[in-house]
Amino acid sequence: MATGRLLTRDDFSAPATTVAPGLIGAVIEAHGVRARIIETEAYQGIEDRACHASRGRTARTEVLFGECGVLYVYLCYGMHALLNLVCDREGVPAAVLLRAVDITHGLSVARQRRGIPDGASARLANGPAKLTQALGITLRHHGLRLGEPGCPLRVRLGQALGERVCGRRVGVDYAGSCALRPWRWWESGYPLAARPTPVSGR
DNA sequence: CTCTAGATCTAT
DNA sequence: TAGATCTAGAGG
């Protein structure tokens, strides 16, 4: 199956709010699993209170301030590895969180990693922690750069099948007014997208 | 040191 | 709707 050109660090030099919608429909591949990206979220700048770097430069957030095209993987809720791709120029903390993918190749491997023997592939990777598990991405991939030897992740250009719709980000109610920013994108009408409408309350 | 709040998922 | 599970970052 034909795929587009490989994305390199230059493709991530724009702000995350620009890169995130463009990644909808892109194809990622890692450890024998290939998938189409169907949901992303942007975290942009020191003033974005939902961004981990909003509290300043720390050991954990260091890569967010560094060069773009780098993997920012962190542990969420003590058990889930979430995958981000660093964006924007050096000194400006920004990243795109990959929230959901549709697995097209390597389904059996993905099922195995997810501990789901068979059946519904629809829910195999429709969540930020599910997709890292399916793709075999862990904390030890944190800090790797796209394209460098040893980086298992490849991203290629791809087309969105439906409209690119945006809405509120998920799980960032603590971020005050920043939580209202429409910085989540997904493919409209796509049956696999995690949540058709932004959560309220929660 | 100790404490606590998470960019979640799953089963109940 | 709660429990699993753990670390960065803040406060003493």
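Sequence lines set the chain letters: A, B, ... in the order given, protein chains first and strands last, and positions in each chain run from 1.
Residues in residues 67-81 of chain A take part in these salt bridge (Lys or Arg N to Asp or Glu O under 4.0 Å) pairs, two or more places apart or across chains: A:R9-A:E67, A:E67-A:R145. The salt bridge (Lys or Arg N to Asp or Glu O under 4.0 Å) pairs that include a residue from residues 68-80 of chain A number zero, where partners must be two or more places apart or lie in different chains.
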Sequence neighbours excluded and cut-off under 3.5 Å, please list the side-chain donor-acceptor pairs for residues 82-89 of chain A, or say none.
| residue | atom | partner | partner atom | Å |
| --- | --- | --- | --- | --- |
| A:N84 | ND2 | A:Y72 | O | 3.2 |
| A:D88 | OD2 | A:Q44 | NE2 | 2.9 |

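An OP1 or OP2 oxygen of B:dA7 is reached within less than 4.0 angstrom by no side-chain nitrogen or oxygen of A:R49. When the side-chain nitrogen and oxygen atoms of A:R99 are compared with OP1 and OP2 of B:dT8, one or more of them lie within a distance under 4.0 Å.
In this structure, the side chain to side chain contact (heavy atoms under 4.5 Å, CB included) partners of A:L6, at least two apart in sequence or on a different chain, are A:R154, A:R156. Considering only residues two or more places apart in sequence or on other chains, A:S13 meets the side chain to side chain contact (heavy atoms under 4.5 Å, CB included) condition with A:C68. Applying the salt bridge (charged side-chain N to carboxylate O under 4.0 Å, His left out) criterion to A:R164, with sequence neighbours excluded, gives no partner residue. Under the side chain to side chain contact (heavy atoms under 4.5 Å, CB included) criterion, A:T18 pairs with A:A14, A:P15, not counting sequence neighbours. Residues passing the ring pair (Phe, Tyr, Trp, His ring centres under 6.0 Å) test with A:H141, sequence neighbours excluded: A:H31.
Taken residue by residue, residues 81-88 of chain A places heavy atoms nearer than 4.0 Å to DNA chain B at A:L82, A:N84.
In the set B:dA7, C:dC6, B:dT10, the nucleotide with an atom closest to the side chain of A:R114 is B:dT10. Distance from the side chain of A:Y74 is smallest to B:dA7 among B:dT8, C:dC6, B:dA7.
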- Message: Can you give me the dot-bracket string for DNA chain C, 5' to 3', counting Watson-Crick and G-U wobble pairs with both distances under 3.5 Å, using [ ] for crossing pairs and | for partners on another strand?
- Response: ||||.||||||.

Between the protein and nucleotides 9-12 of chain C, which nitrogen or oxygen pairs are less than 3.5 angstrom apart?
| residue | atom | partner | partner atom | Å |
| --- | --- | --- | --- | --- |
| C:dG9 | OP1 | A:T58 | OG1 | 2.3 |
| C:dG9 | OP2 | A:T58 | OG1 | 3.1 |

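With a 4.5 Å cut-off between side-chain heavy atoms of Ile, Leu, Val, Met, Phe, Trp and Tyr, the cluster of A:W185 takes in A:I24, A:W183.
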